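Heads up: the structure comes next, in structure tokens.
Along the sequence shown, the residues carry numbers beginning at 1. Because the structure is a prediction, the values reported are computed rather than measured.
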Amino acid sequence: KSVTESDKSHLTNVKNACEATGRLFYICYDLNGSDATIVQRIKMDWVYEIEQIRALTSSDNYATVDGKPVVELWGIGYDMATPEQNNGIIDFRQSGGCYVRGCTPNGWGSGGAYATAYKKLDCVSPWTVGVYGGDIASARNYKNTMLNDKAYCDANGMDYLPVVFAGSANWLNDNLYLSQNFRRGGELLWAQITNAYEMGLNSVYFAMVDEFEESTNLIKGAVDYFDIPVD
């Protein structure tokens with residue numbers, strides 16, 4: 001997005017709402033749509049929009065870790081931005097005193113072209129939505145991937161925040177296949193939370209509050225016909 005001069009902004013609305021209700025908030029940059037200017041655009045946005053115009057990080061309700069403002073970068077390690085751009089964005093935020101959480105592909109621990117970017121992160125949060133479904137696959141990911149991820153983070157002074165999801169859907173030839181990974185009344189979600197608990201973690205990242213179109217939305221489900229709202 002571009003820098004704005006209007007007093008009206010959803011960013012300001014979020015800040016005001018969190019201050020009024022005692023909630024925390026932080027900024028996430030989604031690297032989808034990156035181009036040759038992505039690093040410069042994020043620098044411009046952060047300095048002028050986030051810090052100066054909106055004064056978001058000056059709010060007592062802006063999330064911090066060890067006093068450092070939290071910034072999430074969604075897409076670190078995906079082919080949305082180059083490895084060099086990934087490194088540049090992370091370096092820019094950390095040099096400004098931020099705590100950088102990177103949302104990476106599942107299996108990021110194998111390294112590859114983005115190995116340097118991964119190791120720079122303060123927190124790694126692999127995106128697992130749609131990667132697996134069901135208790136067996138969830139247990140396999142725990143054994144073959146999550147334990148290794150946690151060990152790597154511990155060895156390199158990084159935090160590990162796994163993503164858990166209620167269910168997911170997929171598109172194929174413009175047809176929406178709902179519940180590709182079935183929710184099973186919350187059992188899929190609970191299995192993933194149990195995995196995180198078993199490895200000693202006390203936090204997870206829930207995907208997502210919205211995203212109805214991908215069937216990841218975290219909402220109450222009707223148990224039967226009588227629970228469906230009539231209005």
Side-chain angles (χ1 to χ4, degrees), residues 28 30-32 72-80 86 101-115 117-119 121-228:
C28 168
D30 188 334
L31 299 185
N32 270 299
E72 177 186 343
L73 300 175
W74 199 104
I76 294 293
Y78 288 92
D79 291 330
M80 300 170 184
N86 278 229
R101 169 181 174 260
C103 201
T104 69
N106 200 44
W108 63 277
S110 58
Y114 295 91
Y118 297 146
K119 201 166 185 178
L121 295 169
D122 297 297
C123 177
V124 175
S125 195
W127 190 251
T128 50
V129 175
V131 172
Y132 57 79
D135 293 346
I136 295 177
S138 177
R140 184 184 305 116
N141 186 70
Y142 170 73
K143 179 180 179 181
N144 298 337
T145 304
M146 293 179 67
L147 291 175
N148 292 332
D149 287 353
K150 178 67 163 54
Y152 181 96
C153 289
D154 288 346
N156 289 279
M158 302 157 65
D159 292 327
Y160 180 53
L161 186 68
V163 171
V164 299
F165 63 100
S168 65
N170 190 30
W171 282 265
L172 182 62
N173 298 326
D174 295 325
N175 293 315
L176 179 62
Y177 286 77
L178 289 174
S179 296
Q180 179 191 30
N181 291 314
F182 292 96
R183 291 170 174 254
R184 297 185 296 109
E187 291 185 18
L188 173 60
L189 181 63
W190 187 245
Q192 298 167 81
I193 295 172
T194 300
N195 289 339
Y197 177 80
E198 290 294 332
M199 64 197 313
L201 298 174
N202 59 16
S203 298
V204 294
Y205 183 90
F206 285 89
M208 296 290 293
V209 173
D210 53 356
E211 294 192 347
F212 283 74
E213 78 285 3
E214 296 181 17
S215 194
T216 62
N217 46 298
L218 288 165
I219 60 171
K220 292 182 178 180
V223 176
D224 53 38
Y225 175 82
F226 298 101
D227 284 342
I228 298 175

Can you tell me how far apart CG (Asn141) and CE (Met146) are? Round to the nearest 0.5 Å.
6.5 Å
Smallest heavy-atom separation, Ser203 atom then Pro162 atom, equals O-CD, 4.0 Å
Does anything in residues 147-162 form a salt bridge (charged side-chain N to carboxylate O under 4.0 Å, His left out)? List the pairs, not counting sequence neighbours.
Lys150-Asp154
Spacing of Arg101 atom CZ and Thr104 atom OG1 [to the nearest 0.5 Å]
9.5 Å
Quick one, Glu72 and Cys103 - any side-chain contact, counting heavy atoms below 4.5 Å?
yes
Donor-acceptor check, side chain of Asn86 to backbone of Gly77, threshold 3.5 angstrom: yes or no?
yes
To the closest 0.5 Å, what do you measure between NZ (Lys143) and CG (Asn195)?
13.0 Å
By side chain to side chain donor-acceptor pair (under 3.5 Å) - contacts of Arg184 (at least two apart)
Asp135, Glu187
Of all heavy-atom pairs between Thr145 and Gly107, which one has the smallest distance, and what is that distance?
CG2-N, 4.2 Å
Please give me the minimum heavy-atom distance between Pro126 and Val163, naming the atom from each residue.
O-CG2, 3.2 Å
Asn106 versus Thr128, side-chain donor and acceptor atoms under 3.5 Å
no
List the atom of Ile76, the atom of Ala117, and the distance in Å for their closest heavy-atom pair.
CG2-CB, 4.2 Å
Can you find a heavy atom in the side chain of Met199 that is under 4.5 Å from one in the side chain of Leu147?
yes
Should Tyr160 and Leu201 count as side-chain neighbours, where that means a heavy-atom distance under 4.5 Å?
yes
Verify, without hydrogens or angle tests, whether Asn156 (side chain) and Met158 (backbone) share a donor-acceptor contact under 3.5 angstrom.
no
As a test of understanding, state which of Tyr205, Tyr132, Phe206, Phe182 forms a ring pair (Phe, Tyr, Trp, His ring centres under 6.0 Å) with Phe165.
Tyr132
Spacing of Ser110 atom OG and Tyr118 atom OH [to the nearest 0.5 Å]
7.0 Å
Do the ring planes of Trp74 and Tyr78 sit parallel (below 30°), tilted (30 to 60°) or perpendicular (above 60°)?
parallel
Kindly give the heavy-atom pair with the smallest separation between Ser168 and Asn181, and that separation in Å.
OG-ND2, 2.9 Å
